[in-house]
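Convention: sequence-line order gives letters A, B, ...; per-chain numbering from 1.
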Protein chains: 2
Amino acid sequence: MIPEATVARLPVYLRALTALAEGGIRTCSSEELATAAGVNSAKLRKDLSYLGSYGTRGVGYDVDYLRYQIAREIGVTQDWPVVIVGIGNLGHALANYSGSRSRGFRVVALLDADPERHAEVVAGVPVRPFDDLEAIASEHAVAIGVIATPAAAAQDVADRMVAAGVTSILNFAPAVISVPDGVDVRKVDLSIELQILAYHEQRKAHEHERDHVAAAIGGDA
Amino acid sequence: MIPEATVARLPVYLRALTALAEGGIRTCSSEELATAAGVNSAKLRKDLSYLGSYGTRGVGYDVDYLRYQIAREIGVTQDWPVVIVGIGNLGHALANYSGSRSRGFRVVALLDADPERHAEVVAGVPVRPFDDLEAIASEHAVAIGVIATPAAAAQDVADRMVAAGVTSILNFAPAVISVPDGVDVRKVDLSIELQILAYHEQRKAHEHERDHVAAAIGGDA
DNA sequence: AGAAGTTTGTGAATGCGAGAACAAATCACC
DNA sequence: GGTGATTTGTTCTCGCATTCACAAACTTCT
């Protein structure tokens, strides 16, 4: 049983290893890999220890071997069929991104409720009516769905996805969606990320203010 | 000092409160707001207690009042100038999204290294050369930058942003970027989110398999 | 072969967040 | 004015995640 925090970092390690492999590097230490992944080396080693003992003391890790082990653990040695619902600006970006960049996933359908879009072909995949969801999902055994619709439609789309057999949802719509037990939802929200940054930014600004005031009154304690 | 986990949820509460206000609701209990935000009511109350005592026992929270208090705490009562670098599919989506939907942020510039794009106008903002970054950042006192470039360019863009005075970065590029102390970075990564879902999906599949095997051999312990 | 130097894997300590549970405060009703 | 119902704010406990520190294991050099 791998801790959730570790699961969230495994893809980062995988990408770092891929970058090293492309650079022709065959072996790396936990320190090097940790730097490439932007984490602490102790944390990296503990994370990897949940998968097994794939390193060699005194030497480090074999890049290709570790890469395969992590990919297998995550489950991206096979290809997961994915449907994307909502082909606006964001849907376009996601379709292109998933289509070319990332191995492990295959976009089997792009769906949109707007008939205007049904003529389009994005990243080689035609946009089809949202009502085709059930047919496509059962035909390709789709387990992963992406919601890129406006907030108002998100819950409906989620319900239909779940009914069609989808058990993992990636939600880009700025809305909280509720799903039955056994269905995983991950949420990505631009606006929330910006607001978190704004909070810290504001705190920095206040910090400065206090510094200025302190300097002005000559405080040195 | 508000805990980081709480800070990350405040924007969710803010959005839920806005939705309630738009529905004409003037007052709500922690239970109602928690449901709308998709969290536990005890957690919600504890989060809000870090801001102060803005509720009334036996009654609940005044929607508008609480909304303002949270907005003030986050820092979105003012407008933060934002620059977006990399106007591909994703950049388009972000520009449109930030432009219309979210209050608290103002896109002051869209930058791209590709001269082909400098003719475009997205969401009312013209796309300008990346080299204009420093001039724009100092003119508008930009503190928040968004990176929507390919991975290879991300570190360069981040360095230039930091040099130009940006102290908070939202990174959509699939790359780890390193910045000096005092600069905040948040990372959003489609591919990583999908891989996390794939991991859980795979575990569900294995679970099923084991169930089938158990059923087949008639195990009931 | 043995000693010195590296690097992994893990046990222990610390800190943080989640949730349960309850006391304090307010409202409604008599 | 007092009693019961309701709801907040807070304390307490538990579990998870991070980090340190070190023993075990491997390599290299003499």
Side-chain angles (χ1 to χ4, degrees), chain A residues 1-13 16-17 20 25-67 69-70 73 176 181 185 187 192 196 199-200, chain B residues 1-13 16-17 20 25-67 69-70 73 176 181 187 192 196 199-200 203:
Chain A
M1 194 60 222
I2 300 178
E4 192 54 38
T6 297
V7 170
R9 282 187 294 266
L10 290 181
V12 180
Y13 303 153
L17 284 166
L20 290 178
I25 302 192
R26 320 276 301 189
T27 292
C28 70
S29 69
S30 64
E31 197 68 51
E32 291 167 315
L33 183 52
T35 303
V39 302
N40 183 298
S41 71
K43 183 150 61 178
L44 170 71
R45 285 199 302 276
K46 179 155 282 222
D47 284 342
L48 294 185
S49 77
Y50 289 114
L51 312 190
S53 276
Y54 296 134
T56 307
R57 297 174 194 225
V59 179
Y61 300 93
D62 182 283
V63 171
D64 278 335
Y65 182 56
L66 183 58
R67 193 153 74 104
Q69 292 299 339
I70 294 179
E73 190 70 39
V176 175
D181 282 359
V185 175
K187 192 179 155 194
I192 286 178
I196 295 170
Y199 170 81
H200 292 295
Chain B
M1 194 60 221
I2 300 179
E4 193 53 38
T6 297
V7 171
R9 282 188 294 266
L10 289 179
V12 180
Y13 303 153
L17 284 166
L20 291 177
I25 301 189
R26 320 277 299 189
T27 293
C28 70
S29 69
S30 64
E31 197 69 51
E32 291 167 315
L33 183 53
T35 303
V39 301
N40 182 298
S41 70
K43 184 151 58 177
L44 169 70
R45 287 199 300 278
K46 187 184 277 205
D47 284 342
L48 294 184
S49 77
Y50 290 113
L51 312 190
S53 275
Y54 296 134
T56 309
R57 295 173 195 228
V59 179
Y61 300 93
D62 182 283
V63 171
D64 278 336
Y65 181 57
L66 182 58
R67 193 152 73 104
Q69 293 299 340
I70 293 179
E73 190 70 38
V176 174
D181 282 358
K187 192 178 155 197
I192 286 178
I196 295 170
Y199 170 81
H200 292 295
R203 260 184 27 95

**Q** Take the C1' atoms of the five end pairs on each side of the helix from C:dA1-D:dT30 to C:dC30-D:dG1, get both axes, and report the angle to 10 degrees.
**A**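 The angle, to the nearest 10 degrees, is 10°.
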**Q** Do A:Thr56 and A:Asp62 come within less than 4.5 Å of each other through their side chains, counting heavy atoms only?
**A**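 Answer no - side chains too far apart.
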**Q** Using a 4.0 Å cut-off on heavy atoms, which residues in residues 47-58 of chain B reach DNA chain D? List them by number, or say none.
**A**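 Heavy-atom contacts with DNA chain D come from B:Ser49, B:Ser53, B:Tyr54, B:Gly55, B:Thr56, B:Arg57, B:Gly58.
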**Q** Checking B:Tyr54 now: which residues fulfil ring pair (Phe, Tyr, Trp, His ring centres under 6.0 Å) with it, not counting sequence neighbours?
**A**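 Expected list: B:Tyr65.
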**Q** Can you list everything that forms a salt bridge (charged side-chain N to carboxylate O under 4.0 Å, His left out) with B:Asp64? Sequence neighbours excluded, please.
**A**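 For B:Asp64 the salt bridge (charged side-chain N to carboxylate O under 4.0 Å, His left out) partners, ignoring immediate neighbours, are B:Arg67.
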**Q** Just checking B:Glu4: base, sugar-phosphate only, or nothing, at a heavy-atom cut-off of under 4.0 Å?
**A**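 Since only primed, P, OP1 and OP2 atoms lie under 4.0 Å of B:Glu4, the category is sugar-phosphate.
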**Q** Give the first and the last nucleotide of DNA chain D, reading 5' to 3', that has any atom under 4.0 Å from a heavy atom of chain B.
**A**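 Extent of the interface on DNA chain D: D:dT6 to D:dC12.
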**Q** Determine which pairs satisfy salt bridge (Lys or Arg N to Asp or Glu O under 4.0 Å) with at least one residue from residues 26-42 of chain B, sequence neighbours left out, and list them in order.
**A**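 Sorted result for residues 26-42 of chain B: empty, none.
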**Q** Identify, with sequence neighbours excluded, every residue that meets side-chain hydrogen bond (donor to acceptor under 3.5 Å, both in side chains) alongside A:Thr35.
**A**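 Once residues adjacent in sequence are excluded, A:Thr35 has no partner under the side-chain hydrogen bond (donor to acceptor under 3.5 Å, both in side chains) criterion.
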**Q** Both B:Gly60 and A:Lys43 contact DNA chain D. Which one's nearest nucleotide lies toward the 5' end?
**A**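 In this pair, the answer is B:Gly60.
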**Q** Suppose we screen for side-chain contact (heavy atoms from CB on, under 4.5 Å). Which residues come up paired with A:Lys43, at least two apart in sequence or across chains?
**A**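 With sequence neighbours excluded, A:Lys43 shows a side-chain contact (heavy atoms from CB on, under 4.5 Å) to A:Arg9, A:Val39, A:Asn40, A:Asp47, given in chain and number order.
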**Q** Compare every heavy atom of A:Leu17 with every heavy atom of A:Val63, then report the nearest pair and how far apart it is.
**A**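 It is CG1-O, 3.6 Å.
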**Q** Of all nucleotides in DNA chain C with an atom under 4.0 Å from a non-hydrogen atom of chain A, which is the first and which the last going 5' to 3'?
**A**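 Nucleotide range with atoms under 4.0 Å of chain A: C:dT6 to C:dA12.
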**Q** 5'-most contact on DNA chain C: A:Tyr61 or A:Lys46, nearest heavy atom basis?
**A**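 This one resolves to A:Tyr61.
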